[in-house]
A.B. asks: 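Below is the structure I would like to discuss, written out as structure tokens.
Throughout, a chain's letter reflects where its sequence line sits, starting with A, and its residues are numbered from 1.
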There are 2 protein chains.
Amino acid sequence: MQFSKSTDYAMHALIHLAHSERRHNVGIKELSATLGVSESYLSKIMSKLRQDGIVRAVPGVNGGYELARPAEQITFLDVIQVIEGRQQLFECSNSNSRQHGMLAEEGAARPGKSECLVEKVMDGAERHLHQYLRDHTIQSVLDEAFKRCGHEANKK
Amino acid sequence: MQFSKSTDYAMHALIHLAHSERRHNVGIKELSATLGVSESYLSKIMSKLRQDGIVRAVPGVNGGYELARPAEQITFLDVIQVIEGRQQLFECSNSNSRQHGMLAEEGAARPGKSECLVEKVMDGAERHLHQYLRDHTIQSVLDEAFKRCGHEANKK
DNA sequence: TTTATCATGGACATTGTGGGTCTATATTAA
DNA sequence: TTAATATAGACCCACAATGTCCATGATAAA
Ligand code: SF4
Ligand code: SF4
């Protein structure tokens with residue numbers, strides 16, 4: 001139960017893009033050098049981000065990547081779901097066991113709504129997690145970095 | 001990013017143990033039959049649960065497993081951490097990149113406290129998730145099952 | 001004490017996935 | 001056109017998840 005390294009890379013790549021939004025089109029070379037990840041691998045990740053509409057890409061001389069929408073509209077959840085996929089946290093694997101009958105259908109022969117109790121808890125956990133991740137964007141990280149930077153400067 | 005099947009099995013095994021707490025010592029055979037998982041594999045999972053003090057086990061005739069503490073003191077988080085391990089949700093993999101300098105140490109040469117901003121968000125997410133999972137126990141699932149059962153009975 | 005019953009641990013096998021490299025191809029600006 | 005760049009696919013390897021099988025050890029009942 002851990003986020004993959006790809007997610008880590010994607011986050012940092014986006015942060016870098018957002019940070020150097022001044023002149024557009026940051027190439028894979030620059031990203032690779034900044035993050036310390038091979039161009040080959042990183043380009044795959046960027047490709048995924050493009051397919052899901054997080055970034056735009058233009059090939060050719062002076063090409064590169066740029067954010068497809070403002071950084072405050074790119075949430076942690078967005079990035080994670082692009083890289084990790086949208087599978088849910090918990091997926092029942094033995095819904096035809098004896099347990100299932102006892103826990104989910106509990107006596108009565110409900111039509112369609114089985115409403116599993118274990119899944120209910122787990123889905124709740126997932127919803128909480130997602131809500132939290134939706135409340136934090138690339139921009140919010142940058143903002144905090146700036147705030148701290150300013151704070152440091154003032155102290156000096 | 002998904003919980004393993006083993007976690008699923010562990011949850012259901014514990015629910016079964018809690019449900020038939022009347023006569024102690026539920027054997028691996030009964031558990032296996034109830035969950036529809038091979039005895040071999042399930043016994044491994046139970047062994048883990050024992051090592052972490054979730055259940056007790058006694059070998060010999062009429063032996064088996066029983067909860068090591070009341071079901072209301074066994075949280076979802078407990079079970080998940082036993083099976084999945086206690087690694088944190090997010091672990092930075094490139095803390096010596098250029099990014100890191102820009103984001104975490106931001107200008108000043110802080111002594112030990114680097115206080116990464118990305119990790120800060122992720123750890124927050126993890127804390128939220130853990131808190132939620134701590135608030136739900138094996139007993140709470142059983143309670144809801146009973147409540148629903150009673151509700152169904154009353155309606156009839 | 002013997003024995004049937006049960007849990008435990010280790011040694012495998014299989015499969016899937018994360019993480020990564022390399023190359024050929026398409027696309028664009030100069 | 002040409003140089004620079006992104007893209008897609010074919011591979012590779014290591015490791016974890018899932019699972020089986022067997023030898024061993026512990027225990028209570030007979
Ligand atoms: S009760 Fe829920 S988690 Fe358990 S077997 Fe049924 S659907 Fe799956
Ligand atoms: S800023 Fe945080 S997440 Fe990024 S490299 Fe540094 S420690 Fe890791």
Side-chain angles (χ1 to χ4, degrees), chain A residues 1-13 17 23-33 35-68 80 82-85 87 90-94, chain B residues 1-10 12-13 17 23-33 35-66 68 80 82-87 89-94:
Chain A
M1 257 302 285
Q2 214 185 205
F3 290 128
S4 64
K5 290 193 180 187
S6 297
T7 300
D8 183 328
Y9 299 153
M11 297 291 311
H12 283 80
L17 284 194
R23 65 194 182 301
H24 296 204
N25 294 349
V26 177
I28 193 69
K29 254 184 149 52
E30 179 179 336
L31 277 179
S32 167
L35 301 194
V37 186
S38 84
E39 302 178 24
S40 307
Y41 194 43
L42 195 54
S43 67
K44 277 219 177 127
I45 297 174
M46 296 311 293
S47 200
K48 260 192 191 173
L49 288 175
R50 185 191 59 89
Q51 286 171 350
D52 275 60
I54 309 286
V55 302
R56 264 190 301 267
V58 9
V61 188
N62 287 346
Y65 301 94
E66 62 177 339
L67 297 186
I80 289 172
V82 166
I83 306 296
E84 309 270 337
Q87 53 191 340
F90 176 82
E91 186 148 1
C92 171
S93 46
N94 49 341
Chain B
M1 257 303 282
Q2 213 185 206
F3 291 126
S4 63
K5 292 192 179 188
S6 297
T7 300
D8 183 328
Y9 299 153
H12 283 79
L17 285 193
R23 65 192 182 301
H24 298 204
N25 294 349
V26 177
I28 191 69
K29 254 185 148 53
E30 179 178 336
L31 278 178
S32 167
L35 300 194
V37 186
S38 82
E39 302 179 23
S40 307
Y41 195 45
L42 195 54
S43 67
K44 282 243 172 86
I45 298 174
M46 297 310 293
S47 201
K48 260 191 191 174
L49 289 175
R50 185 192 59 88
Q51 287 171 350
D52 275 60
I54 308 287
V55 303
R56 265 191 301 266
V58 8
V61 187
N62 286 346
Y65 300 94
E66 62 177 341
I80 289 171
V82 166
I83 305 297
E84 308 271 336
R86 281 167 186 76
Q87 52 191 338
L89 206 56
F90 176 81
E91 186 149 1
C92 170
S93 45
N94 48 341

A.B. asks: Expressed as a whole number of angstroms, how long is the span from B:Arg56:CZ to D:dA26:C1'?
C.D. replies: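 It works out to 17 Å between those atoms.
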A.B. asks: Check the distance between D:dA17's P and A:Met1's CE and give it to me in whole angstrom.
C.D. replies: 12 Å
A.B. asks: Contact class for B:Val58 (heavy atom, under 4.0 Å): base, sugar-phosphate, or nothing?
C.D. replies: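 Since only primed, P, OP1 and OP2 atoms lie under 4.0 Å of B:Val58, the category is sugar-phosphate.
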A.B. asks: Within the modelled atom types, does a donor on one side and an acceptor on the other bring the side chain of A:Lys44 and the base of C:dT21 under 3.5 Å apart?
C.D. replies: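 It does, because a donor-acceptor pair links the side chain of A:Lys44 to the base of C:dT21 below 3.5 Å.
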A.B. asks: Does the side chain of B:Phe90 reach to within under 4.5 Å of the side chain of A:Asp8, using non-hydrogen atoms?
C.D. replies: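 Yes, close enough: below the 4.5 Å cut-off.
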A.B. asks: Select base, sugar-phosphate, or nothing to describe what A:Glu39 touches, counting heavy atoms under 4.0 Å on all strands.
C.D. replies: nothing
A.B. asks: Give A:Glu84 one of three labels, base, sugar-phosphate or nothing, depending on what nucleic acid heavy atoms sit under 4.0 Å from its own.
C.D. replies: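 No contact at all - A:Glu84 keeps every heavy atom at 4.0 Å or more from the nucleic acid.
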A.B. asks: Using a 4.0 Å heavy-atom cut-off across all strands, classify A:Phe3 as base, sugar-phosphate, or nothing.
C.D. replies: nothing
A.B. asks: Which whole-number value in Å describes the distance from B:Ile28 CD1 to C:dC6 P?
C.D. replies: 11 Å
A.B. asks: Is the phosphate of D:dA17 approached by B:Ser6 (side-chain N or O, under 4.0 Å from OP1 or OP2)?
C.D. replies: no
A.B. asks: Just how far, in rounded Å, is C1' of D:dA26 from OH of B:Tyr65?
C.D. replies: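 Between C1' of D:dA26 and OH of B:Tyr65: 13 Å.
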A.B. asks: Whole-Å distance between C:dT5 C1' and B:Leu31 CG?
C.D. replies: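 That distance rounds to 16 Å.
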A.B. asks: Determine the contact category for B:Ser40: base if any of its heavy atoms lies under 4.0 Å from a base atom, sugar-phosphate if only primed atoms, P, OP1 or OP2 are that close, otherwise nothing.
C.D. replies: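 Since a base atom lies under 4.0 Å of B:Ser40, the category is base.
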A.B. asks: D:dA17 phosphate, OP1 or OP2: any side-chain N/O from B:Tyr9 under 4.0 angstrom?
C.D. replies: no
A.B. asks: Under the side chain to side chain donor-acceptor pair (under 3.5 Å) rule, what do A:Ser32 and A:Tyr41 come out as? Steps first, then yes or no, please.
C.D. replies: CA-CA 9 Å; A:Ser32 167; A:Tyr41 194 43; over 6 Å; no
A.B. asks: Rounded to the nearest angstrom, tell me the gap between atom CD in B:Gln51 and atom C1' in C:dT8.
C.D. replies: 9 Å
A.B. asks: Rounded to the nearest angstrom, tell me the gap between atom CD1 in B:Ile45 and atom P in D:dA17.
C.D. replies: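 After rounding, the reported distance stands at 12 Å.
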A.B. asks: Within the structure shown, what part of the strands sits under 4.0 Å from B:Lys29 by heavy-atom distance: base, sugar-phosphate, or nothing?
C.D. replies: nothing
A.B. asks: Would you say a side-chain N or O of B:Ser47 is under 4.0 Å from OP1 or OP2 of C:dA7?
C.D. replies: no
A.B. asks: What is the distance from OH of B:Tyr41 to P of C:dA11, rounded to the nearest Å?
C.D. replies: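 In whole Å, C:dA11 P and B:Tyr41 OH are 18 Å from each other.
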